[in-house]
2 protein chains.
Amino acid sequence: MSVRREPISRRDRPAKPALSRGWITETAVRIMREEGLEKVTMRRLAQELDTGPASLYVYVANTAELHAAVLDALLGEIDLTGRDGGEGWREQLRAVMRSYTLVLFQYPQLARSALVARPSGENYLRLVDRVLDLLSRSGAPREQVAWGVDKLLQDATATAAEQSARERDPAAEEEWSATVRAFGAAGADKHPAIAAHMPALVGGSPEERFRWSFDVLVNGIVGTPVPGAQG
Amino acid sequence: MSVRREPISRRDRPAKPALSRGWITETAVRIMREEGLEKVTMRRLAQELDTGPASLYVYVANTAELHAAVLDALLGEIDLTGRDGGEGWREQLRAVMRSYTLVLFQYPQLARSALVARPSGENYLRLVDRVLDLLSRSGAPREQVAWGVDKLLQDATATAAEQSARERDPAAEEEWSATVRAFGAAGADKHPAIAAHMPALVGGSPEERFRWSFDVLVNGIVGTPVPGAQG
DNA sequence: ACCTGAACACCGTTCAAGT
DNA sequence: ACCTGAACACCGTTCAAGT
């Protein structure tokens, strides 16, 4: 009965860790932090894990699921308490939403994938649960709260996907400039309303827009009954 | 001095039309209608136009710009009058937004690309101008109207990108089911708020959600001042 | 059950060379 | 100026074969 030995050549390098969903996700997160989500591909990830791409399909169904797992890992960083906001439900909710937005702003490509493939991981559930809880303290009917949470999260996700794609990606920056230029060039004859609303249309800091959007949604949600629901 | 002749073999097939941005876009729209946006690639498009992919780069900077051109072509189908809605600005605005939403629902992948790379074509400008005009009839201050139009269009785009990705794409359908399952499985102990809001969280028809979202946004926009602006 | 090499069927974009 | 063939540097996913 002989003792199994690693070949000597392997003793120099750290042992190759066994594949597992957790290890795959961790590695994917590392690649994303270092090089961006666009580098988190099955092939690149397999290379990093010192195996072939086919091996990953034992643990991950496809690329979309991989990206969803990465997002859920990131959502673990959100401060769910909202204690920075202060005492009231509205301030705490704003703080939680800001924390969520900030995470997505750091990884805008992740926000895009969240819009398409809705996450369903543990950290996402915790976030939804907390936002529901805070918003329900407004006293609004359950249907409004349920649909309202959807809107709040969708708004933050869409804003992150859109707004902050521009910061690193020069192509996206170019598209945004094109839009700004197009608005600016809109003549008062052909597009009078655009001309009339002009600096505001493209103005405002992300922070100002965040605050205003949040208040618009919360005011609208709390004040607008769901038709057919008992208010 | 000899007369140039087309080779006889060419006389059977229709003459190959000269490349141009317009013809490229038209062809791209046709491919999208027939086979979906995912088939609208530089290579596939070049094949359809009977040339090599490199030739397209004379007219189109990259794939994102190509998709933006396709979107703008589709936006030409929107009914900007809103006359289906009735008389008031709110009803007409709702009709225009519904028309926009319906176009995007037909081509959800296009909605995704619109979120990332904001369009700046002529049809998009017309849409923005009209929505600004209608919303300004609410009497809300200019800043609110300008930022509000942004929110309305973003909401419709995000909803289309999210909701209707599920209809054709089985992978997206699977992700959505996973979310529904996760919500349903959320125990009252670990996620009490999710459990408490449960059928509503995943319920409601697209039409019900559209109407409610529209009212939430319009109510919120009209009733929430932009900080620092003269109201 | 888990892992793999190899293959299939694609991508976007660039560049030197042609007309 | 416009167009092209060929190349570079990648993709996701499947499958038969191995352990």
Side-chain angles (χ1 to χ4, degrees), chain A residues 2 4-7 10 15-25 27-28 31-32 34-70 109 112-113 116-117 165 169-172 174-175, chain B residues 2 4-7 10 15-25 27-28 31-32 34-70 109 112-113 116-117 165 169-172 174-175:
Chain A
S2 69
R4 253 162 156 305
R5 262 181 226 282
E6 289 293 315
R10 288 265 173 103
K16 177 177 153 184
L19 283 180
S20 70
R21 204 173 203 275
W23 178 235
I24 288 172
T25 304
T27 307
I31 295 175
M32 188 199 53
E34 289 169 2
E35 305 175 56
L37 188 69
E38 71 271 21
K39 295 295 166 79
V40 182
T41 65
M42 292 302 227
R43 291 185 107 103
R44 174 64 203 283
L45 185 53
Q47 186 191 309
E48 204 81 8
L49 290 164
D50 202 12
T51 182
S55 308
L56 304 180
Y57 285 84
V58 176
Y59 303 95
V60 176
N62 50 49
T63 308
E65 194 184 293
L66 175 65
H67 288 183
V70 169
Q109 299 140 311
R112 287 177 225 176
S113 77
V116 176
D169 182 353
E174 175 45 37
E175 302 263 4
Chain B
S2 67
R4 254 157 152 309
R5 262 181 226 279
E6 289 293 313
R10 287 267 175 104
K16 177 177 153 184
L19 284 180
S20 71
R21 204 170 203 275
W23 178 238
I24 289 172
T25 304
T27 307
I31 296 175
M32 187 197 55
E34 289 169 1
E35 306 177 54
L37 188 69
E38 70 271 22
K39 295 295 166 80
V40 182
T41 65
M42 292 303 225
R43 291 183 105 104
R44 174 63 204 282
L45 186 53
Q47 186 191 310
E48 205 81 9
L49 291 165
D50 201 12
T51 181
S55 307
L56 304 180
Y57 284 83
V58 177
Y59 303 95
V60 175
N62 51 46
T63 307
E65 194 185 293
L66 175 64
H67 288 182
V70 170
Q109 298 139 312
R112 286 177 226 177
S113 78
V116 175
D169 182 352
E174 175 45 39
E175 303 264 5

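Convention: sequence-line order gives letters A, B, ...; per-chain numbering from 1.
- A distance of about 15 Å separates the C1' atoms of dC15(D) and dC2(C), rounded to the whole Å.
- In this structure, Thr41(B) reaches the sugar-phosphate backbone alone: every heavy-atom distance under 4.0 Å involves primed, P, OP1 or OP2 atoms, never a base.
- Arg21(B) meets the salt bridge (Lys or Arg N to Asp or Glu O under 4.0 Å) test with Glu65(B); sequence neighbours excluded.
- Picking from dT13(D), dG12(C), dC3(C) the nucleotide with the shortest atom distance to the side chain of Tyr59(A) gives dC3(C).
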Worked check of side chain to side chain contact (heavy atoms under 4.5 Å, CB included) between Arg112(B) and Arg112(A): CA-CA 8 Å; Arg112(B) 286 177 226 177; Arg112(A) 287 177 225 176; over 6 Å; no
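- Remark: Thr63(B) is in phosphate contact with dT13(C), judged by side-chain N or O atoms under 4.0 Å from OP1 or OP2.
- Here the side chain of Ser55(B) pairs no donor or acceptor atom with the backbone of Thr51(B) at under 3.5 angstrom.
- The distance from the NZ atom of Lys39(A) to the CD1 atom of Ile31(A) is 10.0 Å, given to the nearest 0.5 Å.
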Are any protein N/O atoms closer than 3.5 Å to N/O atoms in nucleotides 14-16 of chain C? If there are, list each pair with its distance.
none

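- Counting only Watson-Crick and G-U wobble pairs whose two distances sit under 3.5 Å, DNA chain D takes part in these stems of three or more pairs: C:4-8 with D:12-16, C:12-16 with D:4-8.
- Between Thr51(B) and dC3(D) there is no side-chain polar atom (N or O) within less than 4.0 angstrom of OP1 or OP2.
- Taking atom C1' in both dA16(C) and dC3(D), the straight-line distance is 13 Å, to the nearest Å.
- For Arg44(B), the side-chain atoms get nearest to dC11(C) when compared with the rest of dC11(C), dT13(C), dC3(C).
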